[in-house]
Amino acid sequence: MKKRSVPYNSSSITKMKEASIQNYHGHSEIPQHPHTGKDAADEDAATAASLNLRNLSKLILPPLGVSNYNLNQMESKGRIISPMDSRYRCWETFMAVLVAYSVWVYPFEIAFMKCSRGGLYMADNIVDIFFMIDIVLTFFIAHLDPRTQLLVHDPRKISMRYLSTWFVMDLVSTIPWEAIGYLFTGKNSLGLSYCLLGILRFWRLRRIKQLFTRLEKDIRFSYFWIRCVRLLCVTIFLVHCAGCLYYMLADRYPQQGKTWIGAVIPNFRAASLKIRYISAIYWAMTTMTTVGYGDLHAVNSIEMIFNIFYMLFNLGLTAYLIGNMTNLVVEGTRRTMEFRNSIEAASNFVCWNRLPQRLKEQILAYMCLRFRAESLNQQQLIEQLPKSICKSICWHLFLPTVEKVYLFKGVSREIILQLVANMKAEYIPPREDVIMQNEAPEDVYVMVSGEVEIIECEMDEERIMGTLRTGDIFGEVGALCLRPQSFTFRTKTLSQLLRLKTSVLMEAMRTREQDYLVMLKNFLQHYRELKDLTIHDLLVENGDDNANPNMAANLLAVASSGNAAFLDELLKAKLDPDVGDSKGRTPLHIAVSNGHEDCVLVLLKHGCNIMIHDMNGNTPLWDAISTKHHSIFRILYHYASVSDPHTTGDLLCMAVKRNDLSTMKELLRHGLNVNAKNRHGLTALQIAMSENHVEMVNLLVMNGANVDQPSPNGFPMEILDEMVKMREVGHRVTMLETVPDEKLAKSKGGNWLRVSIYRGHPVSRRNTCTMQAGRIIKLPTSMEELKSIAGQKLGYDARNAIIMNEEGAEIDSIEVIRDNDKLFMVNDVNFHS
């Protein structure tokens, strides 16, 4: 049965436990504030932005690509006020309250009062004054440019924008038309003209809409209750307006008895204001809810016409209210209904297919757990957050647990953070098989909470081998060894696990070889102590592990680290020392390239192939000489030359085919026979001439290559003859200037330094330099021996001669002579004359 898990990912930051926060900060590399103990980076950001949950809605998103955007532009500057300023937000809220008062009182005054009297009249005028102040204030409120998404603080642009948009409507809705009418007519009555002009006050309702829109986006308040309050306010306001208007129709109708209220209350004008208003609201509510017209109904034609349009309007309003309320109420029960349907479908599936009771319990437990986890909306939260925040949340919650895992002890913090960021948290219900025995390795699990049993299955019997708890890891054997799982891991209680893909773990381990080696050591040491197993028991099973890629990675990592003892221990487990990576490079290639001589000796002891080629055709011998690891080259050359007589010729011919002059010089420097033949019977000079590598031919000829062998056609013989002549007179000998290792010279029975000697020197006053050809000799150990050899080679008595270099400086010590120096023998009498 395949494991099933419930995605958890991470919870909201506000629900993080204090203990986890303290633990995480204790391991954090972020600098702490010296006085407050807070993170310095967080404190700087808080000081610069001054943002919290209360004013997140005030943020202005800059357009893409804008680099000069800063939070300071949201602040008020001089006379210009930012619309995000807290004081201006309070003013907007206060103006919304005044709007609610004005639009509520206006229909009431028209319907139930002939004129404004007393306190209402004064209140209306005071409200109008505040709206006049708001108009003036608007000329100093910065606005958002829709193109640049930046606040405009230019007073001229602000004024022009307001004058060209809402200024006229704001002005006419604020003018006190009643007071103006009283100045001109001397009457304080609310006539038809005032009624029509007063309708402009409803223009102010846009402020109420803006207030509710802002509150709906404010995370400090419940969206559900804000929506309910908004719908309730809309309904009550419309009922109030409809009741006032319907009463006004009855009050203005000439025949008092032929009205909806006159039919019930004959002398309704004499009734109290409270009775009349309640009657009007009662009629408006019963009509809106379509209860019917049992007691209050239209009597005259005007009332009937009004009722027709009012009922049509109620159709839309009712649909709006019912739709919104249905969405708010049904949303809370939708998931529950879907969950119950899923449970019923799962039960039917189990019964229909006659599945065992244990599987039924696992299926139902999983579905119940998933329902509870989804109610937290954690997956949706993670999908909405950027990757950096997701990483921070994972580090914050799971880093303390992962650091306690034995496998990651001593591993660099960088690798641990990388692994934690790629882990996925899951809830697993009780009695759930997380990993099945003999299952292919896919994931590694770290225990966060709960208990997991280790079960060994033999035939139909199960035996509990142990129990894992917080901080334990399982599945790592299959991941590191690429072998089937040895046990079944089954949850004992509700468990929270961190799941990590095997491929991600191996990729992270290969990122840093030292960490890779530490993990392998921790792994092997843990199983030695826990089960008294050997490396062979863990890494090799049925002799098939030699071909798996993880074994190659293990050997390559250890060879690269230079740990010869650990490498020897792994090879004793009968692992193939010649396994290669994707480029065909074996552990011997890696050890040679990194200069790990001890690892090379271990690999040779276990019978690795010295002449194996990688994908680029390089052998370990070639890597040793090209990287100038001379001691390793001598070791490998000794082993290779014993088993293969063509080793020297193959190396020289490879350098010629690649036209690699520097490597050829290194090979000749080690004393390789320049005339050695490869396994095809060709010398390096023959191949160089066939490839027409002139410089390589010159190098080989000057270092003693035999030119009497058959030469391939195509190479100019006159050039070859010229090279031979130059070699005879000693004009050019191209050996390196220093000896890499004194042990090499002593092992060959002498000093490998070579010099050219000549008789006479061009700078002597009498120009005693002759045209006699020079001689190439091995540099002896003393000046007397040098003069004796020079006399024998040049045919004169040089015991009293002075030895000079090319610049004419006298040489009096054998230690200052370097390889390939030109030495001139000058008689003492001729030089000082």
Side-chain angles (χ1 to χ4, degrees), residues 1-6 350 353-366 368-369 401 404-409 425-502 505 519-520 522-545 548 550-551 573-574:
M1 177 179 176
K2 193 174 180 180
K3 62 180 177 63
R4 301 182 301 273
S5 58
V6 178
V350 170
N353 294 279
R354 299 180 181 179
L355 297 180
Q357 183 66 23
R358 178 173 172 272
L359 284 179
K360 178 181 179 180
E361 292 176 356
Q362 288 186 355
I363 293 173
L364 297 181
Y366 164 75
C368 292
L369 187 60
T401 301
K404 298 177 182 177
V405 177
Y406 81 88
L407 188 64
F408 306 126
K409 295 291 185 182
E426 298 176 345
Y427 282 127
I428 309 295
R431 310 301 301 167
E432 183 79 11
D433 292 337
V434 183
I435 293 180
M436 299 287 291
Q437 187 172 340
N438 297 324
E439 182 183 1
E442 295 180 356
D443 303 294
V444 176
Y445 293 87
V446 176
M447 295 286 302
V448 178
S449 62
E451 294 181 348
V452 172
E453 294 179 334
I454 305 173
I455 300 175
E456 183 180 20
C457 301
E458 294 182 359
M459 303 299 291
D460 294 334
E461 297 183 0
E462 294 183 351
R463 182 175 58 176
I464 299 177
M465 306 297 295
T467 303
L468 301 177
R469 294 178 176 84
T470 302
D472 291 330
I473 186 173
F474 60 94
E476 77 279 13
V477 175
L480 297 180
C481 304
L482 200 67
R483 56 177 288 179
Q485 302 293 341
S486 302
F487 304 100
T488 294
F489 295 88
R490 181 180 301 160
T491 56
K492 184 178 180 180
T493 61
L494 175 63
S495 302
Q496 183 185 165
L497 307 178
L498 297 179
R499 179 171 58 87
L500 179 66
K501 287 289 184 182
T502 299
L505 175 62
M519 290 187 192
L520 286 177
N522 294 338
F523 171 70
L524 297 175
Q525 183 66 27
H526 174 75
Y527 275 89
R528 278 186 193 150
E529 298 174 353
L530 184 65
K531 299 181 179 179
D532 193 23
L533 299 177
T534 64
I535 297 178
H536 185 274
D537 296 328
L538 288 171
L539 302 185
V540 181
E541 184 171 308
N542 300 327
D544 296 332
D545 283 59
N548 80 61
N550 281 12
M551 291 302 97
K574 306 302 181 182

J.: Applying ring-ring contact (aromatic ring centres under 6.0 Å, His included), name anything that partners F408, two or more places apart in sequence or on another chain.
T.: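 Per chain and number, F408 pairs via ring-ring contact (aromatic ring centres under 6.0 Å, His included) with no residue.
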J.: Heavy atoms only: give me the nearest K404-K409 pair and the separation to one decimal.
T.: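 What the structure gives for the nearest pair is O-CE, 3.6 Å.
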J.: Show your reasoning for whether side chain to side chain contact (heavy atoms under 4.5 Å, CB included) applies to L497 and V434.
T.: CA-CA 10 Å; L497 307 178; V434 183; 4.0 Å; yes
J.: With rounding to the nearest 0.5 angstrom, report the CZ to CG distance, R354 to L359.
T.: 15.5 Å
J.: Using side-chain heavy atoms (C-beta onward) and a distance below 4.5 Å, is E476 in contact with Y406?
T.: yes
J.: Just do the side chain to side chain contact (heavy atoms under 4.5 Å, CB included) check on V452 and M447 with the steps written out, would you?
T.: CA-CA 8 Å; V452 172; M447 295 286 302; 3.2 Å; yes
J.: Which residue pairs pass the ring-ring contact (aromatic ring centres under 6.0 Å, His included) test with at least one member in residues 446-476, sequence neighbours excluded?
T.: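 Sorted result for residues 446-476: Y445-F474, F474-F489.
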J.: Could you grab the distance from atom CD of Q437 to atom CD of E456, nearest 0.5 Å is fine?
T.: 6.5 Å
J.: I'd like to check the side chain to side chain contact (heavy atoms under 4.5 Å, CB included) partners of T467; sequence neighbours left out, ordered by chain and number.
T.: E451, E453, R469
J.: May I ask you to test the I454-L468 pair for a side-chain heavy-atom distance under 4.5 Å?
T.: yes
J.: Please list, chain by chain and in numerical order, all residues satisfying side chain to side chain contact (heavy atoms under 4.5 Å, CB included) with T470, sequence neighbours excluded.
T.: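 Partners of T470 under the side chain to side chain contact (heavy atoms under 4.5 Å, CB included) test: none.
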J.: Without swapping roles, check the side chain of S495 against the backbone of I428 for a donor-acceptor pair under 3.5 Å.
T.: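 No: the side chain of S495 does not pair with the backbone of I428.
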J.: For D443 and R499, indicate whether the former's side chain and the latter's backbone hold a donor-acceptor pair under 3.5 Å.
T.: no
J.: Okay, side chain of T401, backbone of G471: is any donor-acceptor separation there less than 3.5 Å?
T.: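 Pair absent, no side-chain N/O of T401 close to backbone of G471.
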J.: Please identify each residue that fulfils side chain to side chain contact (heavy atoms under 4.5 Å, CB included) with Q357, with sequence neighbours left out.
T.: K360, E361
J.: Ignoring hydrogens, what is the shortest heavy-atom contact between K492 and P430? Give both atom names and the distance.
T.: O-CB, 3.9 Å
J.: My understanding is that only residues two or more places apart in sequence, or in another chain, count here; which of them pass side chain to side chain contact (heavy atoms under 4.5 Å, CB included) with E462?
T.: I455, C457, R490
J.: So V444 and I473, side chain to side chain contact (heavy atoms under 4.5 Å, CB included) or not? Walk me through it.
T.: CA-CA 7 Å; V444 176; I473 186 173; 3.4 Å; yes
